[in-house]
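The structure under discussion appears below in the form of structure tokens.
Nothing here was measured: the structure is a model prediction, and the numbers come from that model.
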Amino acid sequence: MEENKYCYKYPHPAVTTDCVIFGFDGTKLQVLLIERGIEPFKGKWAFPGGFLNMDESAEQGALRELREETGLTGAFIEQFGCFSEPDRDPRERVITIAYYALVKIQHVVGGDDAAKARWFALDDVPQLAFDHDRILREAVARLRERIHFKPVGFELLPEKFTMRELQSLYEAILDIKFDRRNFAKKMLHFDLVTQLDETTWPTARRAANLFRFNKQNYDELKRKGFQLEF
């Protein structure tokens, strides 16, 4: 076979993608982990991910691995980091491009090299394979940063939600508590949510109003440099 004259003779590290998948169960922020079915770290928990194919971008690879290992499709994902320590993978020199994904909690199934997939509360995550503990810390930090600039939290809620659910989501992501009246006042003041002519009954004694995210108004505020501060 004729040698490709444009092929570099330098060592080529392998490239993988890993995806930190966040969900919200109404009370706590959850992260989806895969129990590895192969070595290295067989039986340990890790993020969905795998080696990048030669004919795909990093984002395409992340979405493919997400689909193959969890059955999830159409998820919101965003790149947040690159991890390149020489010894991070015992197999060979591997660089990983990391994404976080926001999904509504749903049934997932293990596949490919995954034994099973399971949701863990953020405060109940076991020790992870590779350097995924560090990747998780950085993913959480990025999510907490982005929630001030983008409506990323609404990817985790149903289309219709109560103000209490919205407040619980922000509290779970930011790990702080808000005054109920002040939180609702701020959301309504900026017209970030629209109250619907519908109610639900979270308890047997009291009905709660339902809201929907006002994306059009949010986009307009963003054009003016809006930042949600608490």
Side-chain angles (χ1 to χ4, degrees), residues 18-34 45-49 62 66 70 72 74-81 83 98-106 108 117-126 128 132-194 200 202 208-215 217-219 221-222 225-230:
D18 286 296
C19 201
V20 184
I21 307 169
F22 293 111
F24 181 62
D25 67 358
T27 304
K28 291 186 175 183
L29 195 62
Q30 306 274 329
V31 63
L32 183 67
L33 299 177
I34 301 295
W45 295 93
F47 298 123
L66 200 58
T70 69
L72 290 169
F76 168 91
I77 69 171
E78 183 172 81
Q79 186 181 143
F80 71 89
F83 298 83
Y99 291 79
Y100 72 85
L102 304 175
V103 303
K104 296 173 177 63
I105 286 183
Q106 56 185 283
V108 295
R118 175 183 158 192
W119 290 101
F120 286 84
L122 201 57
D123 58 3
D124 194 34
V125 172
L128 303 178
H132 289 192
D133 292 295
R134 178 192 169 195
I135 292 175
L136 176 58
R137 290 193 300 271
E138 296 203 16
V140 172
R142 176 60 64 88
L143 181 60
R144 288 173 175 168
E145 172 191 321
R146 298 299 276 172
I147 200 170
H148 295 284
F149 298 93
K150 283 190 174 183
V152 293
F154 292 94
E155 299 285 347
L156 301 167
L157 289 170
E159 180 183 358
K160 301 174 184 179
F161 49 85
T162 66
M163 187 64 71
R164 180 58 198 164
E165 287 175 318
L166 179 60
Q167 180 176 335
S168 295
L169 172 62
Y170 272 73
E171 289 177 341
I173 292 175
L174 296 172
D175 194 27
I176 57 177
K177 292 292 185 181
F178 297 112
D179 177 80
R180 181 176 62 85
R181 292 181 183 274
N182 289 339
F183 181 87
K185 183 178 179 180
K186 176 165 290 191
M187 288 294 173
L188 294 172
H189 172 74
F190 288 112
D191 202 19
L192 295 176
V193 295
T194 300
T200 187
N209 294 316
L210 286 172
F211 296 83
R212 179 184 287 122
F213 174 51
N214 189 335
K215 187 176 186 304
N217 190 60
Y218 183 90
D219 289 341
L221 288 171
K222 282 299 294 179
F226 170 77
Q227 177 180 337
L228 186 60
E229 296 284 0
F230 292 102

As an exercise, state the distance from [atom1] of [X] to [atom2] of [Y], rounded to the nearest 0.5 Å.
{"X": "Asn209", "Y": "Lys160", "atom1": "CG", "atom2": "NZ", "answer": "13.0 Å"}
{"X": "Leu102", "Y": "Phe22", "atom1": "CG", "atom2": "CZ", "answer": "7.5 Å"}
{"X": "Phe178", "Y": "Met187", "atom1": "CZ", "atom2": "CE", "answer": "7.5 Å"}
{"X": "Leu143", "Y": "Glu78", "atom1": "CG", "atom2": "CD", "answer": "9.5 Å"}
{"X": "Arg212", "Y": "Thr194", "atom1": "CZ", "atom2": "OG1", "answer": "8.0 Å"}
{"X": "Leu29", "Y": "Ile173", "atom1": "CG", "atom2": "CD1", "answer": "5.5 Å"}

### Task
Apply the test side-chain contact (heavy atoms from CB on, under 4.5 Å) to residues Ile77 and Cys19: give CA-CA distance (whole Å), side-chain angles for both, the deciding distance (0.1 Å), then the verdict.
CA-CA 8 Å; Ile77 69 171; Cys19 201; 4.3 Å; yes

If you compare all heavy atoms of [X] against all heavy atoms of [Y], which two are closest, and at what distance to 0.1 Å?
{"X": "Ala46", "Y": "His132", "value": "CB-ND1, 3.5 Å"}
{"X": "Pro48", "Y": "Ile21", "value": "CG-CD1, 3.6 Å"}
{"X": "Leu136", "Y": "Val125", "value": "CD2-CG1, 4.0 Å"}
{"X": "Thr162", "Y": "Ala208", "value": "CG2-CB, 3.9 Å"}
{"X": "Phe211", "Y": "Leu188", "value": "CE2-CD2, 3.9 Å"}
{"X": "Phe213", "Y": "Leu192", "value": "CD1-O, 3.3 Å"}

### Plane angle bin for Phe76 and Tyr100 - parallel if under 30°, tilted between 30 and 60°, otherwise perpendicular
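Tyr100 and Phe76: tilted rings.
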
Could you check if a side-chain atom of [X] sits within less than 4.5 angstrom of a side-chain atom of [Y], using non-hydrogen atoms only?
{"X": "Tyr218", "Y": "Phe190", "answer": "no"}
{"X": "Met163", "Y": "Phe183", "answer": "yes"}
{"X": "Arg164", "Y": "Arg180", "answer": "no"}
{"X": "Ile135", "Y": "Phe83", "answer": "yes"}
{"X": "Glu155", "Y": "Phe24", "answer": "no"}
{"X": "Glu165", "Y": "Thr200", "answer": "no"}
{"X": "Leu32", "Y": "Leu72", "answer": "yes"}
{"X": "Leu122", "Y": "Asp175", "answer": "no"}

### Task
Check for a donor-acceptor pair, side chain of Lys177 on one end and backbone N or O of Glu171 on the other, with a separation under 3.5 Å.
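Not confirmed, Lys177 side chain does not pair with Glu171 backbone.
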
### Message
With side-chain contact (heavy atoms from CB on, under 4.5 Å) as the criterion, how do Val140 and Arg144 come out once you've worked through the C-alpha distance, each side chain's angles and the decisive distance to 0.1 Å?
### Response
CA-CA 6 Å; Val140 172; Arg144 288 173 175 168; 3.6 Å; yes

### Check ion pair Arg142-Glu138 (N to O, under 4.0 angstrom)
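Here Arg142 does not pair with Glu138 in a salt bridge, since their nearest N and O are not under 4.0 Å apart.
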
### Message
Please determine whether side-chain contact (heavy atoms from CB on, under 4.5 Å) holds for the pair Ile105 and Leu156, giving the CA-CA distance in whole Å, both sets of side-chain angles, and the decisive distance to 0.1 Å.
### Response
CA-CA 8 Å; Ile105 286 183; Leu156 301 167; over 6 Å; no

### Message
Using the ring centroid of each side chain, check whether Phe80 and Tyr99 are separated by less than 6.0 Å.
### Response
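Not close enough - the centres of the two rings lie 6.0 Å or further apart.
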
### Query
Does the salt bridge (charged side-chain N to carboxylate O under 4.0 Å, His left out) test come out yes or no for Arg137 and Asp133, once each step is laid out?
CA-CA 6 Å; Arg137 290 193 300 271; Asp133 292 295; 5.7 Å; no

### Query
Between Ile34 and Phe47, is a side-chain contact (heavy atoms from CB on, under 4.5 Å) present by the stated rule, with each step listed?
CA-CA 6 Å; Ile34 301 295; Phe47 298 123; over 6 Å; no

